[in-house]
Participant: 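The structure follows.
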Amino acid sequence: MDTNINEISQCSCKRHIHKRISVRLRQQERIVLKSGELNFAKSHKNKLRFIIDLVKVFLEARWRWTILYCTITCVLSWLIFAVVWWVILYLHGDLEDEHLPLANNITEWKPCVTEIYNFTSIFLFSIEVQTSIGYGSRAITLECPEAMFTMCIESITGKIIQSLFIGIVFAKLTKPKNRAQTLMFSKYAIINQRDGYLCLMFRVGNTRKSRIIASSVNAYLIKYITKDGVDLLNYDQVMLNIAVDSCDDVLFIFPVTAVHRIDENSPFYNISAMEILKSNLEILVTFEGTIESTGQPLLAKSSYTGTEILWGRRFIEPYFYKSSKQGFVIDFCKFDETYRINTPLCTAQELINYYRNRKLKKI
């Protein structure tokens with residue numbers, strides 16, 4: 001058996017592959033939900049703007065709404081062309097009682113379309129033209145050139161609509177959104193001391209065996225901290241310097257830990273543990289990569305608020321080697337578990353100054 005097998009432990013705790021967002025989470029004052037969805041309410045004041053890009057609306061909607069939109073589009077196109085056919089036949093006189101098919105033996109009238117009795121039969125004829133069904137009873141004649149032109153336009157329109165629907169269905173089936181749901185971020189971010197610096201850390205894991213290549217992890221501070229009406233952070237949005245397991249290239253085999261060192265260039269340089277706990281900050285974290293099997297890009301997002309940053313904790317390693325399996329086991333039940341370690345509660349600036357002063361005293 002291959003010794004490089006990664007076995008994902010299917011534990012009874014049944015933690016996400018991303019759970020549905022609860023009402024309580026949606027009520028929190030956060031910009032990005034834990035699932036990666038943007039926490040914005042949809043405005044209904046400018047509904048006409050959706051018409052500009054209907055294809056995008058179809059792609060972003062849920063499957064049930066996409067199917068409903070496609071059905072409504074088809075029915076509307078059939079109805080619109082049915083009205084056009086009704087106008088053509090009415091102006092030609094085909095809908096008069098003496099010109100209906102039952103009176104053809106007496107009047108010998110030549111209609112634009114045969115076997116037309118009322119609007120229902122006109123609607124069925126519109127469906128036959130657009131979908132190329134052709135039951136054989138209703139057919140166009142050489143009597144009306146405008147009917148020939150309308151038939152060509154409706155046939156072309158039907159092909160365009162069918163092509164759009166095929167493209168929409170294919171695009172929805174191949175979207176990497178479902179693959180991104182198998183990526184999981186740790187429930188909490190942590191802060192502890194590493195190499196003499198305070199570091200902000202969070203964890204990213206892959207619950208599938210298929211690899212993700214060319215991956216990168218980024219983090220952004222998107223809400224600032226205020227204290228007694230004074231801004232402690234003068235940023236509305238800032239990118240945090242992130243290193244993944246102290247290296248530049250991410251080899252995404254085991255769960256990885258993203259590390260932000262809180263130094264002079266960090267927006268958390270003057271922030272203590274108590275100030276973070278009482279803050280209104282939010283950190284948006286993103287994971288970008290390429291699915292190895294399909295070559296499609298994916299993007300997964302999550303966020304951490306001030307109450308979701310644990311000070312003085314360290315993650316438990318969730319993987320170990322199991323001799324009976326002859327491979328590594330990744331236990332995602334331990335993915336979020338942490339343990340307490342001694343960590344100063346002061347700001348990173350005070351900690352760095354303390355080490356500098358102690359070093360000067362030794363000299």
Side-chain angles (χ1 to χ4, degrees), residues 14 16-23 25-26 32-86 118-138 150-184 207-208 210 212 288-291 293-302:
K14 291 186 178 179
H16 56 282
I17 307 167
H18 290 290
K19 297 179 179 178
R20 293 182 177 271
I21 307 303
S22 64
V23 176
L25 276 179
R26 289 188 180 276
V32 180
L33 302 175
K34 296 298 287 184
S35 66
E37 299 179 13
L38 296 178
N39 190 21
F40 290 103
K42 295 182 180 179
S43 175
H44 298 284
K45 295 181 180 180
N46 298 319
K47 292 182 179 180
L48 294 179
R49 292 187 178 181
F50 290 104
I51 303 177
I52 299 176
D53 194 356
L54 287 177
V55 175
K56 185 177 180 180
V57 175
F58 281 35
L59 288 176
E60 293 181 349
R62 294 182 178 272
W63 272 106
R64 56 178 176 269
W65 295 112
T66 300
I67 295 174
L68 179 61
Y69 295 155
C70 293
T71 303
I72 293 175
T73 302
C74 289
V75 174
L76 284 178
S77 65
W78 297 336
L79 283 173
I80 291 173
F81 277 101
V83 172
V84 174
W85 283 110
W86 184 89
N118 48 33
F119 186 79
T120 302
S121 58
I122 295 175
F123 179 73
L124 294 175
F125 178 71
S126 176
I127 297 176
E128 294 176 21
V129 173
Q130 192 169 133
T131 58
S132 302
I133 296 175
Y135 290 111
S137 59
R138 284 172 289 271
T150 304
M151 183 186 67
C152 295
I153 296 299
E154 184 173 7
S155 180
I156 294 173
T157 303
K159 297 300 183 294
I160 293 175
I161 292 175
Q162 292 175 11
S163 300
L164 288 176
F165 289 169
I166 293 173
I168 290 170
V169 171
F170 179 78
K172 287 183 70 68
L173 289 174
T174 57
K175 283 177 65 175
K177 182 178 179 180
N178 293 333
R179 182 62 181 89
Q181 291 178 353
T182 61
L183 292 174
M184 52 194 300
T207 59
R208 289 189 182 181
S210 58
I212 298 176
E288 298 180 67
T290 302
I291 303 174
S293 57
T294 61
Q296 292 180 333
L298 65 87
L299 172 65
K301 303 185 295 294
S302 186

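Values below: all heavy atoms of this structure, side chains included; hydrogens, waters and symmetry mates excluded.
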Participant: Please lay out, stage by stage, how Val84 and Ile153 fare under the test side-chain contact (heavy atoms from CB on, under 4.5 Å).
Facilitator: CA-CA 11 Å; Val84 174; Ile153 296 299; over 6 Å; no

Participant: Between Lys172 and Ala61, what is the shortest heavy-atom contact and its length?
Facilitator: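 Closest pair (atom of Lys172, atom of Ala61, distance): NZ-O, 2.7 Å.
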
Participant: Nearest heavy-atom pair of Ala82 and Ser126: which atoms, and what distance?
Facilitator: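 Result for this residue pair: N-OG, 3.7 Å.
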
Participant: So how far is it from Thr157 OG1 to Gln162 CD, rounded to the nearest 0.5 Å?
Facilitator: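 One finds 11.0 Å between OG1 of Thr157 and CD of Gln162.
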
Participant: With rounding to the nearest 0.5 Å, note down the distance linking CZ in Phe119 to CG in Leu124.
Facilitator: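 Interatomic distance, Phe119 CZ to Leu124 CG, rounded to 0.5 Å: 10.0 Å.
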
Participant: Between Met151 and Trp85, is there a side-chain heavy-atom distance shorter than 4.5 Å?
Facilitator: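 A side-chain contact under 4.5 Å exists here.
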
Participant: Go through the steps to decide whether Gln130 and Cys74 satisfy the test side-chain contact (heavy atoms from CB on, under 4.5 Å), and finish with yes or no.
Facilitator: CA-CA 9 Å; Gln130 192 169 133; Cys74 289; 5.5 Å; no

Participant: Let me confirm one number: the CD-CZ distance from Glu154 to Phe81, rounded to the nearest 0.5 Å.
Facilitator: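 Rounded to the nearest 0.5 Å, the CD-CZ separation comes out at 5.0 Å.
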
Participant: Report the distance from atom OG1 of Thr290 to atom CG of Leu298, rounding to the nearest 0.5 Å.
Facilitator: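 The distance works out to 7.0 Å.
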
Participant: I need the Leu79 CG to Ile127 CD1 distance, nearest 0.5 Å.
Facilitator: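 Separation between the atoms: 8.5 Å.
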
Participant: Specify the closest pair of heavy atoms between Leu183 and Ala300, including all atoms of both residues, with the distance to one decimal.
Facilitator: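 Answer, listing the atom of Leu183 first, then Ala300: CD1-CB, 4.0 Å.
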
Participant: If I take atom CH2 from residue Trp78 and atom OG1 from residue Thr73, how far apart are they, to the nearest 0.5 angstrom?
Facilitator: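 The distance works out to 10.5 Å.
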
Participant: Check whether any side-chain heavy atom of Phe165 lies under 4.5 Å from a side-chain heavy atom of Ile67, and answer yes or no.
Facilitator: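 With C-beta onward as the side chain, the pair stays apart.
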
Participant: Does the Ser121 side chain pair with the main chain of Asn118, one donor and one acceptor, at a distance under 3.5 Å?
Facilitator: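 Here the side-chain-to-backbone pair exists.
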
